[in-house]
Amino acid sequence: MKHRTISRLIVIAIGLLLACECLAARRTLRVDFGGEWDTRQIGTADCPGSTVGSALLIINGITFSGRDNGTHLVDVYCQISVDDVWGGGSFFEGDETGLASLIGPNTNNAVRATRYALLDDLRFDAPTGFQWGVYRFPNGLIIVGLYGLTSATLTSNSYIQQGGTFLWRGDLNGYNGEYFCFRNSTFLGTWNGNPAEPNSACMAAFNTLFQNGFE
């Protein structure tokens, strides 16, 4: 009877873990070129914030470095979400259900996304590297995700910096798939991907804009 009780508790615990929308790991690269995305060239006005020959992004005066290393400049591109096509249903991998639920069907194109890819090999030849996903909501709310580097040991080359302040550094803070949230250029903190996360400044900002007529 004791063994049955323990087994039952284990099954319940596993079920709770599977049901939780919280993040458990870094996310893999998103190498897809469906109709939801328009692919453009890094370092042009079509890919704002990027620079030819650099692995860094600068968005609203904030520097994003997935890994500041020239090996990730073999295949570089950005993708812009396509109006009237891209929305919450465009997240096919199943590990971003929380973010997808915030975006919803996006029928009014209120949310727009840009995905920046910096890879060490051609995109269809099993590259490694990283991507930044930048999701822009109304009223200046920006949610940023980091993809790739799933098994890499992060060093001081992985960071987010504003002026002389590091908002995040891989070697000091680690990374387990959290999103980084901003209101324009103000850092709100990280978000674990669960819309019901308690005391989340990111979700507080989202709920405020939702009440003001986001959808």
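Ionic pairing of D125 and R123 is not present here: no N-O contact between side-chain nitrogen and carboxylate oxygen is shorter than 4.0 angstrom. Salt bridge R169/D171: present, at least one basic N to carboxylate O contact under 4.0 Å.
Residues satisfying the side-chain contact (heavy atoms from CB on, under 4.5 Å) criterion with T155, sequence neighbours excluded, are N157. Shown here are the side chain to side chain donor-acceptor pair (under 3.5 Å) partners of N60, two or more places apart in sequence or in another chain: there are none. By the side chain to side chain donor-acceptor pair (under 3.5 Å) test, D83 is found to be paired with R112, residues two or more places apart in sequence or in another chain being considered. For the side chain to side chain donor-acceptor pair (under 3.5 Å) test, residues two or more places apart in sequence or in another chain that qualify with Y135 are Y147. Partners of T186 under the side chain to side chain donor-acceptor pair (under 3.5 Å) rule, at least two apart in sequence or in another chain, do not exist in this structure.
Within 6.0 Å of CD in E93 there are more than 12 heavy atoms belonging to other residues, nucleotides or ligands.
In this structure, T190 contributes its side chain and F180 its backbone to no donor-acceptor pair below 3.5 Å. Looking only at distances, no side-chain donor or acceptor of Q161 sits under 3.5 Å from a matching main-chain atom of F64. Listed for the S81 side chain is a donor-acceptor partner under 3.5 Å among the backbone atoms of A113. A side-chain donor-acceptor contact under 3.5 Å links T44 to the backbone of Q41. For the pair Q79 (side chain) and D32 (backbone), a donor-acceptor distance under 3.5 Å is present. A donor-acceptor pair is defined here as one N or O able to donate and one able to accept, closer than 3.5 Å; no such pair exists between the side chain of N192 and the backbone of E178. In this structure, the side chain of S54 does not engage the main chain of T51 through any donor-acceptor pair within 3.5 Å. At least one donor-acceptor pair under 3.5 Å links the side chain of R183 to the backbone N or O of N139.
D46 and C78 make their closest contact through O-SG, 3.8 Å (heavy atoms, listed as atom of the first residue, atom of the second, distance). Across all non-hydrogen atoms, the minimal contact from L122 to P127 is O-CD, 3.5 Å. Contact record, A110 with P138: O-CD, 3.7 Å, taken as the closest heavy-atom pair. Nearest approach of S50 to G43, heavy atoms of both residues: OG-N, 2.8 Å. Summarising the geometry of G66 relative to S158, their closest heavy-atom pair is O-OG, 2.5 Å, with the distance given to 0.1 Å. Between S185 and I62, the closest heavy-atom pair is O-CD1, 3.8 Å.
To the nearest 0.5 angstrom, D75 atom CG is 10.0 Å from D120 atom CG. Interatomic distance, L154 CG to N173 CG, rounded to the nearest 0.5 Å: 10.5 Å. To the nearest 0.5 Å, the span separating CG on L118 from CG on L57 amounts to 6.5 Å. Rounding to the nearest 0.5 Å places CG of D84 at 9.0 Å from OG1 of T107. Note: L167 CG to F187 CZ = 5.5 Å, rounded to the nearest 0.5 Å. Atom CG of L149 sits about 6.0 Å away from atom NE2 of H72, to the nearest 0.5 Å.
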Evaluation steps, side-chain contact (heavy atoms from CB on, under 4.5 Å), between D121 and T128
CA-CA 7 Å; D121 203 346; T128 61; over 6 Å; no
Take I160 and F166 through the side-chain contact (heavy atoms from CB on, under 4.5 Å) test and state the conclusion after the steps.
CA-CA 6 Å; I160 300 174; F166 285 101; over 6 Å; no
Is there a side-chain contact (heavy atoms from CB on, under 4.5 Å) between F91 and T97? Walk through the geometry before answering.
CA-CA 8 Å; F91 292 80; T97 55; over 6 Å; no
Could you walk me through whether D95 and R26 pass side-chain contact (heavy atoms from CB on, under 4.5 Å), step by step?
CA-CA 10 Å; D95 55 0; R26 303 177 196 176; over 6 Å; no
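Note on I59 and F130: same hydrophobic cluster, where clusters join Ile, Leu, Val, Met, Phe, Trp and Tyr whose side-chain heavy atoms are under 4.5 Å apart, directly or indirectly. Residues V82 and I103 fall into different hydrophobic clusters, defined by Ile, Leu, Val, Met, Phe, Trp and Tyr side chains chained together at heavy-atom separations under 4.5 Å. Both V144 and I42 are members of a single hydrophobic cluster when ILVMFWY side chains are connected at heavy-atom separations under 4.5 Å.
Between Q131 and L29, the closest side-chain pair of non-hydrogen atoms falls below 4.5 Å. Between V76 and L119, the closest side-chain pair of non-hydrogen atoms is not below 4.5 Å. Between I143 and L102, the closest side-chain pair of non-hydrogen atoms falls below 4.5 Å.
Evaluation of the side-chain hydrogen bond (donor to acceptor under 3.5 Å, both in side chains) test over residues 61-70, restricted to residues two or more places apart or in two chains, returns N69-T71.
Y179 and W191 have their aromatic ring centers within a separation under 6.0 angstrom. The six-membered or imidazole ring of F182 lies away from that of F137, with a centre-to-centre distance of 6.0 Å or more. Ring-centre distance between W168 and Y175: below the 6.0 Å cut-off.
Cation-pi check for R115 over W37 is met; the charged atom lies under 6.0 angstrom from the ring centroid and within 45 degrees of its normal.
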